[in-house]
Amino acid sequence: MKYAIVGAGSRHKMFRQAVAETYGRENSLVGLCDINEHRLAISAAAVSAKGNGIATYQAEQFQEMLHEQKPDTVIVTVPDYLHHEYIVEAMRAGCNVMTEKPMTIDLDKLKAILDAQAETGRSITVTFNYRYTPARTQLKDILMSGAIGEITAVDFTWYLDRVHGADYFRRWHRYKDQSGGLLVHKSTHHFDLVNWWLGSSPVSVAANGRRAFYKPETAEAFGLSERGPRCHTCPSADRCDLKLDLEGNEPLRELYLEAEDCDGYIRDLCVFDDDITIEDTMQVHALYANGASLNYTLCAYSPWEGLEIKFHGTKGELSHRHVEVHGVFGGKQNKSHGSESMTTLLHLAGQEPVNLDVWAGEGDHGGADPVMLGHLFDPSITADRYGRGSSYIDGAWSILTGIAANASIKTGEVIHIEPFLAERGIRLPQKKW
Ligand SMILES: NC(=O)c1ccc[n+]([C@@H]2O[C@H](COP(=O)([O-])OP(=O)(O)OC[C@H]3O[C@@H](n4cnc5c(N)ncnc54)[C@H](O)[C@@H]3O)[C@@H](O)[C@H]2O)c1
């Protein structure tokens with residue numbers, strides 16, 4: 001299969017290596033496209049070093065790339081607010097699409113994608129790597145077995161620490177019109193997991209959210225009143241626990257600091273800025289078509305990183321806790337929790353709780369990324385009893401909870417999904433798990 005990638009930032013590397021190297025015998029990378037010449041050149045050099053060179057294209061030459069290189073599939077790894085443009089253009093040019101999450105960030109863009117998909121019949125794969133984390137696949141396995149009976153309710157909390165969490169407040173993610181806020185950008189993973197675990201989709205959503213930590217008052221409280229617009233030139237950087245040292249981190253320096261002249265993309269804006277438009281503290285309550293309900297919390301400034309989830313069922317409870325040690329993006333990593341750990345507890349009514357052996361794997365995102373890449377790019381892997389592959393339908397349902405939650409935060413109302421979609425002329429098929 002022939003692939004082209006649009007968006008040569010940090011995330012595209014995983015796909016580039018999979019297509020050009022790990023699964024390079026079965027696939028080929030035929031083109032790279034980006035708005036930034038510098039990042040394009042770094043990526044092209046990495047491919048060329050392994051083989052026969054690669055054609056690169058500026059953003060305005062995207063159509064030219066499709067016409068000249070004729071990829072079967074376009075991989076979309078640009079910032080979230082641009083996904084729909086490339087997804088739609090690629091499908092209209094006859095290509096299939098593989099896109100990073102979130103598929104898109106609001107209902108107008110979602111409609112553009114759904115319309116183009118219906119007209120062209122092309123496939124869209126949304127790369128939900130979290131489904132492939134072995135421990136999360138194990139939860140699906142247990143739930144599928146019916147061990148806890150009918151799943152009636154879910155309590156789910158996701159904790160982002162002050163290293164990983166802060167990174168969403170430094171660049172495009174921090175603007176709601178560019179990322180949809182964390183309830184779309186980040187929680188798309190979490191809501192996708194819940195949809196997939198439950199085998200259902202939400203019918204109504206209510207939410208609260210606010211920016212409680214990443215704001216000027218917190219900087220003042222930390223004694224950081226002399227702040228610059230970015231860490232690189234900030235007079236208080238040495239005293240700031242949340243600083244990102246672009247200069248001192250070689251990959252970040254190469255990819256972003258040294259590329260700034262091309263497009264003015266600043267990677268280390270101050271996380272305490274007043275112009276941030278996303279929330280850092282969010283709670284969502286959702287009702288599902290199968291009768292289950294979800295309580296969900298996302299906190300972006302926790303002292304630790306990880307997740308806790310509990311499924312309540314008619315026969316018992318299934319609980320999972322994952323303490324993650326995430327990639328270091330800057331700031332001061334809180335090491336107090338030691339190393340990565342996962343626990344899964346099955347507690348059936350009338351029995352002692354059982355600590356299960358947690359399914360494990362190596363690699364990023366709790367061992368998810370390598371498993372997912374095999375399923376995406378290894379043609380010999382065709383079946384998956386867990387149904388982890390995700391289409392535009394999963395992509396759409398996964399963002400709808402967050403989009404509806406954003407509307408609920410704004411209006412204070414419970415959002416009923418069906419009329420919410422119908423008002424915009426959107427019809428979304430129910431996913432059959
Ligand atoms: N699944 C995951 O775990 C995961 C992890 C990280 C990022 N992501 C997703 O991957 C995507 C990329 O994230 P990233 O961290 O690499 O971002 P990034 O900002 O590092 O990279 C984006 C790239 O797109 C380029 N770009 C910007 N505007 C463009 C345009 N108009 N045309 C072409 N190229 C353009 C930028 O120059 C940059 O090279 C996002 O959608 C993000 O949500 C997913």
Side-chain angles (χ1 to χ4, degrees), residues 4-16 18 31-44 56-65 74-87 89-90 97-105 109 125-133 136 158 160 164 167-168 170-175 178-182 184-190 192-193 244 246 251-252 254-269 278 324 326-327 329 363-370 372-373 376 390 395 398-399 402:
I5 301 180
V6 58
S10 58
R11 185 63 175 166
H12 95 291
K13 187 175 168 189
M14 179 189 83
F15 293 100
R16 187 191 73 211
L32 285 168
C33 177
D34 199 289
I35 204 167
N36 185 296
E37 279 287 359
H38 183 90
R39 277 190 283 280
L40 210 43
I42 292 177
S43 185
T56 58
Y57 296 83
Q58 276 290 309
E60 63 274 14
Q61 297 173 303
F62 180 69
Q63 281 297 338
E64 208 174 310
M65 175 173 81
V74 173
I75 299 175
V76 178
T77 46
V78 290
D80 305 352
Y81 67 103
L82 298 168
H83 286 184
H84 69 295
E85 291 183 7
Y86 287 108
I87 293 172
E89 270 199 62
V97 173
M98 197 175 276
T99 180
E100 257 303 347
K101 49 51 60 174
M103 187 166 78
T104 189
I105 61 169
K109 297 178 178 62
T125 303
V126 184
T127 54
F128 282 123
N129 45 341
Y130 284 32
R131 290 186 182 193
Y132 294 87
T133 306
R136 293 172 200 146
W158 202 283
L160 295 168
H164 188 199
D167 212 45
Y168 297 106
R170 296 194 174 106
R171 47 180 176 146
W172 52 265
H173 309 81
R174 73 198 209 147
Y175 302 115
Q178 297 192 25
S179 68
L182 289 176
V184 173
H185 173 81
K186 188 71 194 166
S187 311
T188 181
H189 277 305
H190 314 153
D192 174 66
L193 283 172
L244 177 67
L246 281 184
L252 290 181
E254 262 202 316
L255 204 56
Y256 300 104
L257 191 61
E258 291 170 1
E260 284 177 7
D261 286 349
C262 298
D263 58 7
Y265 174 0
I266 306 292
R267 177 69 176 77
D268 60 345
L269 293 172
I278 64 169
E324 264 190 286
H326 215 279
F329 302 91
D364 281 352
H365 296 102
D369 289 0
M372 179 186 73
L373 292 171
L376 291 177
S390 317
S398 76
I399 52 175

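Atoms within each ligand, like the ligands themselves, are counted from 1 in listed order. Computed over heavy atoms, backbone and side chain alike; hydrogens, waters and symmetry mates excluded.
Asp263 has a carboxylate O that lies under 4.0 Å from a charged side-chain N of Arg39, or vice versa, which qualifies the two as a salt bridge.
When only interatomic distances are considered, the shortest N/O to N/O separation between Leu82 and ligand 1 does not fall below 3.5 Å. For ligand 1, the polar-atom distance check finds no N/O of His12 at less than 3.5 Å from any of the ligand's N/O atoms. Inclusion of Ala59 in the set of residues having an N or O under 3.5 Å from an N or O of ligand 1 is not warranted. On a distance-only criterion, Thr127 and ligand 1 share no N/O pair closer than 3.5 Å.
At a 4.0 Å heavy-atom cut-off, ligand 1 does not touch Leu255 at all.
Under the ring pair (Phe, Tyr, Trp, His ring centres under 6.0 Å) criterion, Tyr256 pairs with Tyr265, sequence neighbours left out. Under the rule for a ring pair (Phe, Tyr, Trp, His ring centres under 6.0 Å), the partners of His189 that lie at least two apart in sequence or sit in another chain are Tyr130.
Looking from atom 1 (N) of ligand 1 to the surrounding protein, the closest heavy atom is Glu100 OE1, 3.0 Å. Nearest protein heavy-atom contact of atom 15 (O) of ligand 1 is Ser10 OG, 3.1 Å.
In this structure, His83 counts as a contact residue of ligand 1, since one of its heavy atoms falls inside 4.0 Å of the ligand.
Remark: ligand 1 atoms within the under-4.0 Å shell around heavy atoms of Tyr256 are 18 (P), 20 (O).
Between the choices Ile5, Asp34, Asn36, Leu32, the shortest heavy-atom distance to atom 36 (C) of ligand 1 belongs to Asp34. If you check each of His38, Arg11, Lys186 against atom 16 (O) of ligand 1, the one with the closest non-hydrogen atom is Arg11.
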